[in-house]
Amino acid sequence: MKRAERFSIANPHVQAFRAAHPNYQPGALSSAQGRRIRAVSHPCLPPLARIRNRLMCADTPDLTTTDKTEPEYKDTLFLPRTGFPMRAGLPQREPGWLERWERIGVYDRLREKTGRAPFILHDGPPYANGHLHIGHALNKTIKDMVVRSHQMMGHDARYVPGWDCHGLPIEWKIEEQYRAKGLDKDAVDTIAFRQECRRFAEEWVGIQREEFKRLGVIGAWENPYLTMAFHAEAVIADEFMKFLMNGALYRGSKPVMWSPVEKTALAEAEVEYHDHTSHTIWVPFAVVSASDFENNGACLGADLLSARVVIWTTTPWTIPQNRAVAFSETIAYALYCVTETAENSAAKPGETVILAEKLADEVFRAAKVTGYDKLRSVSPDELRALTLAHPFRGIEGGSGEWDYDVPMLPGEHVTDDAGTGFVHTAPSHGDDDYQLGLKFGLPMTYNVEPDGTYRADLPLLGGQAIILPNGKEGPANVSVIKALAATGTLFAKGKVKHSYPHSWRSKAPLIFRNTPQWFAAIDRPLDDGLDAHGATIRERALASIDELVKFTPVSGQNRLRSMMQTRPDWVLSRQRAWGVPLTCFVRKGAKPEDVDFLLRDEQVNARIVRAFEAEGADVWYRPGFKGEILAGLHDPEAYEQIFDVLDVWFDSGSTHAFVLRDRADGVPDGIADVYLEGTDQHRGWFHSSMLQGCGTMGRAPYRNVVTHGFTLDEKGMKMSKSLGNTVVPAEVIKQYGADILRLWVAQADYSVDQRIGPEILKGTADSYRRLRNTLRFLLGSLADFDESERVPAAEMPELERFILHRLAELDGIVRDGYARFDFQHVFQQLFQFCTVDLSSLYFDIRKDSLYCDAATDPRRRAARTVMDLLFHRLVTWLAPILPFTMEEVWLDRFPSENGSVHLEDFPRAEGAWFDPELALRWETIRRVRRVVTGALEVERREKRIGASLDAAPTVYVAEPETAALLASVPFDEICITSGLAVETGAAPDGAFALDDTPGVAVVPRLAPGGKCARCWRILPDVGTHAHAATCARCDEALG
RNA sequence: GGGCUUGUAGCUCAGGUGGUUAGAGCGCUACACUGAUAAUGUAGAGGUCCGUGGUUCGAGUCCACGCAGGCCCA
């Protein structure tokens, strides 16, 4: 474009402006509001009125007509020109960019870039059930920022999203549907049931996929991984069989949280605690004998033989399963004699009982005992010596079922906080009980059926239900209580309201029930030759935690370690239908401890895997499948097929195998660079993946564990529907757009719990607007930028070189921050750069040059060069955080059919720009500038000036070096004044100064001369040029 | 009840090894500009650093005990 054209009325800038402002009348804008003439009170200032009058003369011609005597210079300026809207309209516009990315295939095109080191963030699979909540959005957004930033830093950052598809919640949904139709789950074919579960999961995968994509998350959405894919099911089974072959797998028996209503065991995560009113009973156990204690140096009083030991329990139905009474070696016990009772007391005067001293009062009160004597203390050694009778011993109709001895056993879990100080122990119905049973070899009982009824052949109580199918209490408790009362073994009874486990689905109460389970041994040396980091799963896990994995934040290391140090064996089996079966066979008639109990045959395993690959895990349930698999190898009749399914944590713990190891977009060693999940996953996916990896690969399947906290409401309280303080991602997107939600993520410290709410989101949107306007100004200022305008850095003014220095500095900050997954720091630095260095300093100063300088002016060319560099960096640096907006900005400048900022890398760092000495000089310059602006602010408040261009202050500087520094730069330009004098030496009295900037003082003055009608600077030479109302620079620019 | 963890301006966050009047940005208020204009600039107000004890010449920073949250267990 020729120079003359730029300034003619045919100037495209002008045309564009006219088009955008059809009602615009030249001159009307500046005159409509009128210019106030202000009184001038400062004695050393020239009369402002004179200047104003002159201005008025210039402005005064008939304003109602376009027939002016003076040109409208606005049309000759390079004002920012852009169609980039100030208001984003993200909710409406974001889907358009999503479509574009899909159309131009951004993810696939990034994969085509060659020569890049892979960077693998392995996705922890969300459960395919329900719409996304804020936690999902947070998690996927952080992941996306990690993936995008590493891609743009030069990696091949692939991201394969996944879903966890098996498990109870889906199973339950299908069961619910069955119930609604009046069907019984048990009457339905397992394969048909599983297929319904599969369809359910598929549907939610589809829904969640769209919801995740809407957040702007880039990844292999068309080819995600699902734990229910046939290959995945085959691999999960194969991985399980590694545990079968390496010796970790064993069958044990364990009381588990059991839902009689759902006839299934529940994982801990599936249990919720609600208040529940239970029967409480105090049951005296008679002493039947005592071992000889003289050898122990203790003396057993004969008085104990006639006494009874009282236990307390809230689960009367467990009494028939009692096998021991536990006591503590650290509690003080005593022998008491009942002397007086209330009318309706079950206790009788004269009877003697043993109780914890601290609890005796309470117990007697409950038993309505009105008088009692403490006879003497009872020592732990005495207690240990006692053998008790089951309260049902000799009961009529009991057929001798309960005629066994009940030992007294010491237990660390016994306290005297509540109860009697003695703990009724039923190893099949409680965890402490089970542990005590393991330690002392107590027999397990099998009295309770899956539906919560006593086994039919249990004397007296057979078939009675503990919990009814509708979740209400059955008759079992009351029957037991009656039987106790009838046999004189009920000391007291009552009711208590307490926190009790319930099913998270059916909300029905749970019981602890002994069930056969499959375990992975954590401390058994494995026979797999993968001992580089230890022989057992626990050793390998601890070694991984300490040596192989980096934790962000570091506290995760302790957290995972302490869990690994103390965790028991892994219970792999669940009594469910929707999952990958434990693909193994046990020899009929063999006991778990027999060497040939489990069928261990690689050929069998291979057949299973092949079948699963072809048809999925459903084949396991096909009639005759056992025969097919064992045919020609083993006698199918000699083996029993296992129909438990694997803990879903085993599924997700195995994802590294079927995603990282097996997929073309995986990695050769099958180890991920990053696992990134919420802090709850220390107990979950990090944990199960660690156990699984240590059992199958000998180490953790990851190198980095990054955790984020939970999202709370604005007050820091947990979100809950009942409190009405939830924030749903879909609604945030609808109101503000995904980029605002992403910005919220970037502004928060995700390593701890974050808060979100209306006020916080509003603040986030405010920040966004500020940033958006900075970019808009860049776009406007770069209109028609041409490569030929570029100026080498060395030829640029100091101000430009300072900005370049900041860019060099930021390059390091941004790359380092992204490498550390610290988006908050990256964003904070970039945002503050935009506001502090750009908007309020650089842009403000350079507006004059950008608007008014001739196109060829080196100053303007340097500014535009820097702005172009700024543009490339800011837009790419922010792209991982604000992918939609940065795409909009990028395309506004570089419109194209198939381009995208997300195909770019961060521009290479320019080391030569880094100039700390210059930065130091600018620190001083800016400090002095603050004094100048401060001084002008006083003038403005006193109505002596309006714009800073009205002034031409004098700056008094004590230090000559500082004066020299200021003289070396166009300090008037930097302060946006029409003139400025720097004086060395003492300032006159009354000069403006700031406490924190000693040695600098400013005396404000009105700029002498006339106001250039084009650039608005007030200069003495205005009026002496061809264009009468302009200054020399503008006169020349006008040509 | 146990393990881990958080608490600095209205909001989001900085504040190595304890050391002068606790910082930034946003928001707010006022002023200015009206050629970034539902924008921009300048200035200002705003903090019992969760509380209480303690160590110390000196504590937001160290210790103890609490309070209020959060995650995971019991």
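Below, read A as the first sequence line, B as the second, and so on, with proteins coming before strands; counting in each chain starts at 1. Worth knowing before you read on, the calculation uses all heavy atoms, side chains too, and leaves out hydrogens, waters and symmetry mates. On a predicted model such as this, the values are computed, not experimentally measured, just so you know.
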Which letters describe nucleotides 43-48 of chain B, given B = protein heavy atom under 4.0 Å from base, S = only from sugar-phosphate, - = neither?
S-----
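Looking at heavy-atom distances under 4.0 Å, Val938(A) makes no contact with the nucleic acid at all. Within the nucleic acid shown, Lys847(A) comes within 4.0 Å of at least one base atom, counting heavy atoms only.
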Sequence neighbours excluded and cut-off under 3.5 Å, please list the side-chain donor-acceptor pairs for residues 833-841 of chain A, or say none.
{"from": "Thr835(A)", "atom 1": "OG1", "to": "Phe831(A)", "atom 2": "O", "distance (Å)": "3.4"}
{"from": "Thr835(A)", "atom 1": "OG1", "to": "Gln832(A)", "atom 2": "O", "distance (Å)": "3.2"}
{"from": "Asp837(A)", "atom 1": "OD1", "to": "Arg926(A)", "atom 2": "NH1", "distance (Å)": "2.7"}
{"from": "Asp837(A)", "atom 1": "OD1", "to": "Arg926(A)", "atom 2": "NH2", "distance (Å)": "3.4"}
{"from": "Asp837(A)", "atom 1": "OD2", "to": "Arg806(A)", "atom 2": "NE", "distance (Å)": "2.6"}
{"from": "Asp837(A)", "atom 1": "OD2", "to": "Arg806(A)", "atom 2": "NH2", "distance (Å)": "3.0"}
{"from": "Ser840(A)", "atom 1": "OG", "to": "Thr835(A)", "atom 2": "O", "distance (Å)": "3.3"}
{"from": "Ser840(A)", "atom 1": "OG", "to": "Val836(A)", "atom 2": "O", "distance (Å)": "2.9"}

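Residues passing the ring pair (Phe, Tyr, Trp, His ring centres under 6.0 Å) test with Phe686(A), sequence neighbours excluded: His682(A). Take Asp816(A) and apply the side-chain contact (heavy atoms from CB on, under 4.5 Å) test, not counting sequence neighbours, and it matches Arg820(A).
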So which protein N/O to nucleotides 2-6 of chain B N/O distances come out below 3.5 Å?
{"from": "G3(B)", "atom 1": "N2", "to": "Arg559(A)", "atom 2": "NH2", "distance (Å)": "3.4"}

List every contact pair, protein side and nucleotides 8-11 of chain B side both N or O, where the distance is under 3.5 Å.
{"from": "G10(B)", "atom 1": "O2'", "to": "Glu759(A)", "atom 2": "OE2", "distance (Å)": "2.8"}

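In this structure, Tyr768(A) places its OH atom 19 Å from C1' of U12(B), rounding to the nearest Å. Rounding to whole angstrom units, CG of residue Leu79(A) and C1' of A39(B) are separated by 14 Å.
Counting atom types as modelled, Ser839(A) pairs a side-chain N or O with a base atom of A36(B) as donor and acceptor under 3.5 Å.
Taking the six-membered ring where tryptophan is involved, the planes of Phe843(A) and Phe777(A) are tilted, since the angle between them lies from 30° to 60°.
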